[in-house]
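Below is one structure, written out as structure tokens; comments come after it.
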Amino acid sequence: MRLRTSNQRAPIPGEPREQRQPQMSDSSTTLVDTELADARTILISADRQGDAVPRSKLLIVAGLENWQAAESAGSAAILTVGLQRASEWHGVNGAPHEDLSRMVRPDGTTEATIQFTRVETDIATYDAAVALGSYLTRVGAKTVSFAKIGVATLELDLETLGDDPKKKSEYLDRLVANAGTIGRRPAAPKTSAASSRQSIAPIVDLEAGQIYLERLEGREVLMEAAARRLRTVTVYDDLRDPGARKALHLHDLEITVNTSAGLRTYEVQGVRDADLASPRRWLNRIPGGTSIAVATGAHVLRAIESAVRAHEYDLVVESVALRRTGWKEINGRWGYLSASGFMTADGLTDDAVSELSERMRNIRYPDTVDRSREVEAAKNTMAAFEELTDPNLFIGPWGAIIHNVAGLGNGGAGCVVAIQGSKGSGKTTVVSFLAAHAGSSFSSDLPMATIDGSASNLGRLGAGLESSFICVDDARKRTSLKKAENEAEGIERLLRMGYAGGAARYTVSEFDQETQTWTEGLPDLASPLVILSGETLPAGDENGASSRERIYPVQIPKGAEIFESGNARRFVQFTENGLPEQHLAHFIRWCAESIEDFGGMEAWRSFWKEAEQGFVDRKAKLPVSIRVREVASVPHTGFVIWLRYLLEIGVIDRDEFFFAGKLALITVDKTALDHGTLNVPMTTAAEFESILATLRSSIVGRQGYVRYLQSPFDESAGDPTRVEREQQLESDQGRFGARLVGVQKQGRSTKGGEAELFLAMQPSDILSLLHREPRFKGLTESELLKAFEEVSIKDGLKLTKMVMIDGQRVKTVSIPWSVWTGTPDDAEAAA
């Protein structure tokens, strides 16, 4: 370090020297007298050099302007030493300048005064002054005192004295004479969190690929890479944590690194909020990230975190991720959440996303901004429907899926679709097609879950799947008792999951992102639709009547061909062409439009729930429980909603709409009757009731018909619809391959009474209908006659009655008409 010297001004002629140093001792005066000619001011700088002569009195000031003011004031007794700023009291290595030590007299008589400003608030200046004072004492100074000016500066104080050099010189003398101890170290200033962050936050330089601090002595690099947030996603479960108290914040970062090959930019997704203060965790995820230098120290890491958070914070995309699928109102708009985004009436947006766990993330829907394939996708699903020989195989599960996806839940009683068929019957092929509507990955992952040995894990199955569905395969007969018990327990849990809300009020284990472990969580309140497929349906011995009534059964008879083409290859094409997920995505967008047109979800649900209740009320005469009717209303209502969508986009016309609606009504009615018989106690005394219920369901399903004694229509010539309705009846019978169940007959008149009506059924006809049902596969004619023994009309001791049918006398099982209709009132009305 070099010195610049300057001679002090000459004393004013005639001015008593004692007046300028009134507080000096005699010894000091003598010393100053002998050195007066050598008094000068010195500015320590890097480009000028002078002599560093020891003096008995030193005044050390900080700041170029303060030193210049002191130089102009002058003092014959004081050597004024100046530095351009207080930080230069010490060298780069932290030690004081050696020039200062050469200004201290070797005889230990030097009295040093250090002057500074605003020491009450400037901690750094205070610490530097204390360190300098300690140094001067160590190198031989007799005393070290401190002259504190306050809020002003030495330059300003001297300016207030005008141009009188005498007053300025006396001011410096008094400043030195009145100097004292330094006092207490100032307290740390209190600042707001925001201003504190700004004051300590480093600079993020994306183009330089660095995060650094701007120091007085130059740039201090904290990390040889730059990072900023692109988007921040807040993840929480609005069903179990509506206040987002346990929210998890995830950031997508843009990272730039300056390499030998130039600037490289990378994107790292899903960085946890807590990991922003641990840059190594996300730097290691980019190529060469392990070699990027990062400064150490907790305060440095906190500074890096602060910088990444604050940089371009107003450009960060903020969005919400809910740990479920389904309908949600966000920013005043209704939409459907999936892993793909938020599907609204205008298509997919990034306002929110469904953050599902593990394999559930496969449930996703493509954007519908391009509507050119909407009709093509709908026709693809229609073609798959027409490829199936049994309409219930499509209407049952698909109608239930639509009902749930449209936001209507699983119905009042809850609905679980169970598809039963032997190995190789094609049930998994059909389920794969249905599942493909929620994403091709979802479909290819079937079976999505199995029952065998996994009952303990079923509590987590479907967690978060609100307004969606899950597929469970592999329900079959088990060889061991333990496996059979596991299956029974698993099926029961799945059934209750479908109608009791999510995991059926079971405590759901959940994965903790912070600890990376599974912890016991709260019950999941989502209500997914369960589609269960297997070789057996849940039976009466394993499950209670309450659970069985909530099953919508879809049975594939053994040996039945379910594909019109005779093989599954054509059907698989409908699954693998990518159109199913397009179709359901467009349907969801249409639902969002409709919900807005209805004025909100409440009005939308109310409309369809009223239609659903109308179905239940109209089917009150079906000989089944109200719960069975409620379950049957779910696929029917869902199928009608789907047909309404197809009609609106022009895939079907009004005639096709009504025909398909009628087909759905016939299908679910028949299934409801079949379903209802599952819950009839199979005692010997009541067995005929189960058989009659099955025969009635065959009539509803147009698989069978009854020939009446008289036309069921008005015989009057004035009824213009009679012929048309009879032709329609014959057409339906031919279309569905209906068989004759029985013939209505009138018995002989009794004494004083009217002739009774009865139903005459040929055993061969009704056995051909009954054998279509798995539970009656092995029913023989003798067992059939025995079942009707209690209620049949006999010829003597025989269990059959001879009746004329089509001009021939045939053996029949004949029962009173009132037994067939179920009530005496019905018999009277029919007569």
Side-chain angles (χ1 to χ4, degrees), residues 229-253 267 269-273 313-369 404-409 437-439 441-442 462-469 502 510-511 513 521-522 524-528 581-582 584-596 598-602 604-605:
R229 291 182 299 151
L230 295 174
R231 62 192 65 86
T232 295
V233 180
T234 301
V235 184
Y236 70 99
D237 188 339
D238 66 324
L239 293 181
R240 290 184 288 173
D241 183 23
R245 292 184 299 272
K246 299 180 180 179
L248 177 67
H249 303 285
L250 300 174
H251 309 288
D252 293 345
L253 303 181
E267 183 173 332
Q269 298 180 344
V271 176
R272 296 185 304 166
D273 190 68
Y313 67 92
D314 54 333
L315 300 180
V316 176
V317 177
E318 300 280 352
S319 61
V320 176
L322 303 181
R323 286 176 171 161
R324 68 174 179 112
T325 64
W327 291 95
K328 180 74 176 175
E329 187 178 14
I330 298 176
N331 298 329
R333 300 195 63 188
W334 281 96
Y336 189 93
L337 282 170
S338 73
S340 309
F342 188 56
M343 184 72 74
T344 67
D346 296 326
L348 207 61
T349 74
D350 58 1
D351 292 347
V353 69
S354 175
E355 183 74 15
L356 297 175
S357 60
E358 303 300 329
R359 68 203 304 173
M360 295 300 178
R361 294 179 184 173
N362 290 335
I363 298 180
R364 57 181 61 248
Y365 300 102
D367 198 353
T368 57
V369 63
N404 209 38
V405 168
L408 306 182
H437 287 78
S441 299
F442 181 86
L465 292 186
E466 178 74 5
S467 300
S468 191
F469 59 97
E510 57 183 9
F511 190 72
Q513 293 283 356
L522 298 172
D524 185 82
L525 303 178
S527 183
E581 57 191 82
Q582 287 274 346
L584 199 57
H586 282 288
F587 171 77
I588 291 173
R589 180 203 49 76
W590 174 81
C591 285
E593 287 181 346
S594 302
I595 291 168
E596 289 190 359
F598 271 77
M601 178 61 77
E602 185 176 350
W604 165 261
R605 286 174 175 161

Using modelled atom types only, decide if a donor and an acceptor are shared between the side chain of Asp252 and the backbone of Leu230 within a distance under 3.5 Å. no

Is there a donor-acceptor pair under 3.5 Å between the side chain of Trp604 and the backbone N or O of Cys591? no

Output the distance between atom CG (Asn404) and atom CZ (Phe469), rounded to the nearest 0.5 Å. 9.5 Å

Between Asp351 and Arg333, does any side-chain N to carboxylate O distance fall below 4.0 Å? no

Within 6.0 Å of CD in Glu602, more than 12 heavy atoms from elsewhere: no

Looking at Tyr336 and Ser467, would you say the former's side chain and the latter's main chain have a donor-acceptor pair under 3.5 Å? yes

Using 0.5 Å steps for rounding, measure from the OG1 atom of Thr344 to the CD1 atom of Ile588. 12.0 Å

Here the gap from Leu322 atom CG to Glu466 atom CD, rounded to the nearest 0.5 Å, amounts to 11.5 Å

Exercise: identify the closest heavy-atom pair between Ala592 and Met343: CB-O, 4.3 Å

Between NE2 on residue His586 and OG1 on residue Thr368, distance to nearest 0.5 Å: 5.5 Å

Heavy atoms of Ala345 and Arg589 approach each other most closely as O-CG, 3.7 Å

Find the distance between OG1 (Thr232) and CG (Asp273) and round it off to the nearest 0.5 Å. 8.0 Å

Measure from the side-chain N and O atoms of Ser319 to the backbone N and O of Ala352, and report whether any donor-acceptor pair falls under 3.5 Å. no

Stepwise, does the side-chain contact (heavy atoms from CB on, under 4.5 Å) test hold for Arg272 with Leu250? CA-CA 5 Å; Arg272 296 185 304 166; Leu250 300 174; 3.8 Å; yes

Side chain of Trp334, backbone of Gly599: donor and acceptor closer than 3.5 Å? no

How long is the straight-line distance from NE2 of His249 back to OG1 of Thr234, given to the nearest 0.5 Å? 5.0 Å

Taking the side chain as every heavy atom from C-beta outward, state whether Pro366 and Glu581 have any atom pair closer than 4.5 Å. yes

Between Tyr365 and Leu584, is a side-chain contact (heavy atoms from CB on, under 4.5 Å) present by the stated rule, with each step listed? CA-CA 8 Å; Tyr365 300 102; Leu584 199 57; 3.6 Å; yes

Measure from the side-chain N and O atoms of Arg229 to the backbone N and O of Tyr313, and report whether any donor-acceptor pair falls under 3.5 Å. no

Between Ser354 (side chain) and Leu337 (backbone), is there a donor-acceptor pair under 3.5 Å? no

